[in-house]
Protein chains: 2
Amino acid sequence: MTQAVRHDAMRARNLALVLREVSARGSLTRAALAEVTGLTKTTVSKLVADLIETGLVEETGVVRGGERGRPGVEVRIRGAGIAALGLEINVDYLAVRVVDLSRSVRLRRTQAVDNRSAQPVDVIARLRDLALSAVDEAVGNGLRIVGGALAVPGPVDLGSGVVHNAPNLGWRDVPVLSLLDLGMPLHVENEANLAALAELWFGAGPTDFLYVSGEIGIGAGLVVAGSLFRGARGFAGELGHVVVSPDGPPCRCGGRGCLEQYAGQDALLRSTGAAGSVGLMTMVTRVEAQDPAAVTACREAGWALGVALSSTVNLVDPDTIVLGGVFVPLFPYIGAVVTETLQSRLGQMRVSVPPVVVSRLGFEAAALGAAGQVIERVIADPAALLPS
Amino acid sequence: MTQAVRHDAMRARNLALVLREVSARGSLTRAALAEVTGLTKTTVSKLVADLIETGLVEETGVVRGGERGRPGVEVRIRGAGIAALGLEINVDYLAVRVVDLSRSVRLRRTQAVDNRSAQPVDVIARLRDLALSAVDEAVGNGLRIVGGALAVPGPVDLGSGVVHNAPNLGWRDVPVLSLLDLGMPLHVENEANLAALAELWFGAGPTDFLYVSGEIGIGAGLVVAGSLFRGARGFAGELGHVVVSPDGPPCRCGGRGCLEQYAGQDALLRSTGAAGSVGLMTMVTRVEAQDPAAVTACREAGWALGVALSSTVNLVDPDTIVLGGVFVPLFPYIGAVVTETLQSRLGQMRVSVPPVVVSRLGFEAAALGAAGQVIERVIADPAALLPS
DNA sequence: GATATTTAGTCCACAACGTAGACTAATTGG
DNA sequence: CCAATTAGTCTACGTTGTGGACTAAATATC
């Protein structure tokens with residue numbers, strides 16, 4: 001597990017420590033860095049010199065006038081150098097994002113496509129084109145893309161990069177990672193997990209929360225102390241199949257009364273009473289117009305979500321619950337019911353019931369999280385990029 | 001979060017690395033240690049010398065004849081030196097265990113008392129007496145007790161050591177830690193969590209599992225990659241209040257249809273049909289005698305447990321499920337139903353459904369886990385014990 | 001406006017720790 | 001009895017962080 005610590009590992013960790021502080025606090029003088037890290041000024045100076053040389057950090061040049069004494073030179077993360085690629089395959093779109101080391105989004109590409117009717121290979125080929133052209137442009141702008149990550153709507157085997165089962169896409173056992181070769185280190189992860197990480201790094205959220213991704217399926221990403229909880233095999237967070245009512249409607253997972261059957265996109269739209277398929281935006285319009293069927297559908301979905309979340313809170317104890325995906329436009333009509341249900345089921349037991357808030361990131365959250373994850377790895381181990 | 005790494009931290013980590021390998025593999029020569037840790041023979045020799053001097057490790061004296069060449073001197077964890085105290089307060093007993101660094105149990109004290117009818121202060125005073133006499137005896141045997149931990153049946157605020165709410169005992173906001181002063185570092189934790197850790201260190205179990213503690217309440221401890229998952233505030237694992245049926249019988253937590261209402265000890269005993277209170281052993285006798293009411297009660301409890309566990313598996317993805325507490329004697333009569341329910345609700349979705357096994361540790365599990373946790377800390381950071 | 005004070009950052013001698021390889025010790029195989 | 005082999009120690013050395021002296025650049029005070 002833990003490896004032997006030699007001098008190089010010591011340096012690598014201190015380098016990461018300094019870079020992390022710079023990343024977290026925005027902009028600091030060497031003296032301030034020495035203070036917050038507990039290292040001496042000498043050591044910080046050496047480490048910062050290395051980081052500047054590698055292009056991870058830059059001096060702002062501007063000196064800061066504080067109280068008295070010689071002003072320091074602040075350093076900050078250098079955005080113009082290293083960047084990462086974030087990719088997302090979803091039911092009705094493909095998204096590509098390029099994010100730099102300072103976590104600024106440098107490039108956005110979204111393409112609306114119906115991926116349900118296409119073959120996995122074709123979908124991936126299309127994404128590949130989109131990604132390569134984005135990489136070209138980014139490289140043209142002087143960025144160095146060090147890696148990428150791909151978000152897919154369903155459980156993924158992290159090791160092999162095989163998408164187990166993405167029911168919304170109709171995918172089963174698709175080896176995405178080997179099909180999508182971009183000539184750079186890549187990995188694949190569940191969309192809900194990456195959207196949760198996006199909330200962590202790009203939202204103004206807390207460091208402990210449960211992100212609920214409402215799409216056709218309902219997934220969740222749990223972030224504890226700023227890092228993702230994946231469970232033993234990486235398949236944690238399947239909130240959509242938490243039991244709401246044990247004898248409820250049968251679910252495609254084989255169970256009955258799963259949350260997805262009450263609050264999944266299909267269930268929501270179906271229960272508006274309109275025959276055939278009604279789009280999400282139509283649903284939003286109707287509920288805004290106080291259409292009784294739509295309002296009832298929202299209330300029931302909110303209740304079911306509250307029930308499932310009460311189980312979840314009891315099991316994993318999140319600090320906050322962030323609703324994303326389809327629940328974002330519907331939040332005004334379900335948020336209160338979710339909170340009430342949670343309150344009535346947990347209020348007596350818990351000192352405080354986790355607040356239910358809405359995500360402020362759009363649908364592209366997962367792609368952002370994907371890129372962010374790669375950036376996070378660089379910040380966690382900058383030594384990997386140093387010239388040996 | 002991560003601290004600056006100086007020379008002393010480097011040494012501390014390597015010391016821990018060596019000690020961990022010795023602890024995990026039983027007995028190793030310095031040469032073998034050099035191989036498994038990746039450190040050089042020189043460094044390992046120095047580290048082992050320090051560990052021997054501190055009394056954490058000892059040479060077996062016996063040399064091992066392998067194949068050819070000079071035989072090595074094996075070292076192993078020294079059991080005769082450092083030990084830890086494990087304490088447990090439960091509804092009907094107090095337990096004290098002394099465990100040494102090699103994880104051998106050196107002393108067992110259990111006292112049957114009805115703690116429900118006593119005041120918290122009195123219970124703690126009684127436990128204190130029991131603990132002090134155990135410490136005396138252990139010290140008399142040459143052991144050095146470096147700390148202790150206490151298991152209580154209910155959620156605990158780890159920081160302050162206040163037991164929030166232990167409904168089985170009728171406790172609310174009891175500052176256990178400050179009441180129980182034993183003149184050594186102590187901490188308090190949830191009984192289910194510590195029982196789970198006992199399973200990890202004293203059972204022959206895997207490193208990823210969910211331990212289910214069936215008592216009057218039902219708790220769970222989740223162990224992922226050999227360490228405990230506590231959630232954001234340390235209140236994770238409240239399996240007893242996971243929803244089985246949203247409109248089921250009201251629960252003391254304020255919700256309805258919680259697992260505890262179907263599979264908690266009270267529910268199990270109540271539903272045997274016998275009026276009044278029937279002891280657990282009576283229940284076991286009846287179900288062994290195929291008493292219809294008892295058999296039905298077990299089946300229903302097993303079903304409810306299966307439903308709640310299917311939600312749990314979807315959320316936290318454990319590798320294995322270990323049933324403990326009252327479920328141990330009842331396992332032959334509920335195990336199959338739990339497995340079937342899980343299988344039917346998860347089988348289509350998951351490649352493999354986590355096996356449901358029974359704990360082989362007795363009721364004293366939590367006390368063992370408490371002591372084990374202290375031992376684990378010593379092994380994880382032996383440098384804390386070195387003479388500065 | 002000159003000087004004292006304060007803070008930032010660098011320089012240098014030093015200490016702590018792990019490494020590499022020579023060296024000694026102890027065993028087996030021929 | 002000697003060669004081969006493996007365990008463990010010893011010594012010179014390299015890497016890295018430290019502490020304090022030193023230089024640099026600002027403000028406060030008179």
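Order of the sequence lines fixes the chain letters, A, B, ..., with proteins taken first and strands second; residue numbering starts at 1 for each chain.
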Taking all non-hydrogen atoms of both residues, which atom of Trp201(A) and which atom of Gly369(A) are closest, and how far apart? CZ3-O, 3.9 Å

Which residue pairs pass the salt bridge (Lys or Arg N to Asp or Glu O under 4.0 Å) test when at least one of the two sits in residues 22-47 of chain B, sequence neighbours left out? Glu21(B)-Arg25(B), Arg30(B)-Glu59(B)

Salt bridge (Lys or Arg N to Asp or Glu O under 4.0 Å) contacts in which one or both residues fall within residues 142-151 of chain B, not counting sequence neighbours: none

Walk me through whether Ser27(B) and Glu74(B) qualify under side chain to side chain donor-acceptor pair (under 3.5 Å). CA-CA 6 Å; Ser27(B) 166; Glu74(B) 295 197 315; 3.0 Å; yes

I want to check something: taking the side chain as every heavy atom from C-beta on, are Leu386(B) and Leu15(B) in contact at a cut-off of under 4.5 Å?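 Side-chain contact under 4.5 Å: yes.
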
DNA chain C contacts made by residues 30-37 of chain A, counting heavy atoms under 4.0 Å: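 Arg30(A), Ala31(A) - these, ordered by number, are the residues of the stretch whose heavy atoms sit under 4.0 Å from the strand.
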
Contact residues, residues 49-57 of chain A to DNA chain C [heavy atom, < 4.0 Å]: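 Contacting residues: none.
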
Rounded distance in Å - [atom1] ([X]) to [atom2] ([N]):
X: Met10(A); N: dG14(D); atom1: CE; atom2: P; value: 16 Å
X: Gln3(A); N: dG18(C); atom1: CD; atom2: P; value: 15 Å
X: Arg13(A); N: dG17(D); atom1: CZ; atom2: P; value: 12 Å
X: Leu15(B); N: dA16(C); atom1: CG; atom2: P; value: 16 Å
X: Glu59(B); N: dG8(D); atom1: CD; atom2: C1'; value: 11 Å
X: Lys46(B); N: dC10(D); atom1: NZ; atom2: P; value: 11 Å

Please write out the pairs of protein N or O atoms and N or O atoms of nucleotides 27-30 of chain D separated by less than 3.5 Å, giving the distance to one decimal.
residue	atom	partner	partner atom	Å
dA28(D)	O4'	Arg68(A)	NH1	3.0

Taking only side-chain N and O atoms of [X], does any of them lie within less than 4.0 angstrom of OP1 or OP2 on [N]?
X: Arg6(A); N: dT15(D); value: no
X: Asn14(A); N: dT16(D); value: no
X: Arg11(A); N: dG17(D); value: yes

Does the pair Arg76(A) and Ser23(A) meet the rule for a side chain to side chain donor-acceptor pair (under 3.5 Å), with working shown? CA-CA 7 Å; Arg76(A) 65 165 175 227; Ser23(A) 176; over 6 Å; no

On DNA chain D, nearest-nucleotide positions of Leu39(A) versus His7(A): which is more 5'? His7(A)

Could I get the full list of salt bridge (charged side-chain N to carboxylate O under 4.0 Å, His left out) partners for [X], not counting sequence neighbours?
X: Arg360(A); result: none
X: Arg97(A); result: none
X: Arg106(A); result: Asp100(A)

Mind listing the side-chain donor-acceptor pairs of residues 50-57 of chain A below 3.5 Å, one per line with the distance, residues two or more places apart or on another chain?
residue	atom	partner	partner atom	Å
Asp50(A)	OD2	Arg11(A)	NE	3.4
Asp50(A)	OD2	Arg11(A)	NH2	3.2
Thr54(A)	OG1	Asp50(A)	O	2.7

So which protein nitrogen or oxygen atoms get under 3.5 Å of nucleotides 19-23 of chain D's nitrogens or oxygens?
residue	atom	partner	partner atom	Å
dG19(D)	O6	Thr42(A)	OG1	3.0
dG20(D)	O6	Thr42(A)	OG1	3.3

When the side chains of residues 226-236 of chain B are checked against the rest of the protein, which donor-acceptor pairs come out under 3.5 Å, sequence neighbours left out?
residue	atom	partner	partner atom	Å
Arg230(B)	NE	Glu189(B)	OE2	2.9
Arg230(B)	NH2	Glu189(B)	OE1	2.9
Arg230(B)	NH2	Glu189(B)	OE2	3.1
Arg233(B)	NE	Asp319(A)	OD1	2.6
Arg233(B)	NH1	Ser352(A)	OG	2.6
Arg233(B)	NH2	Asp319(A)	OD1	3.2

Examine distances only and state if a side-chain atom of Asp157(B) and a backbone atom of Gly159(B) form a donor-acceptor pair shorter than 3.5 Å. yes

Set of residues satisfying side chain to side chain contact (heavy atoms under 4.5 Å, CB included) with respect to Thr43(B), sequence neighbours excluded: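 If we apply the side chain to side chain contact (heavy atoms under 4.5 Å, CB included) test to Thr43(B), skipping adjacent residues, the hits are Leu39(B), Thr40(B), Leu47(B).
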
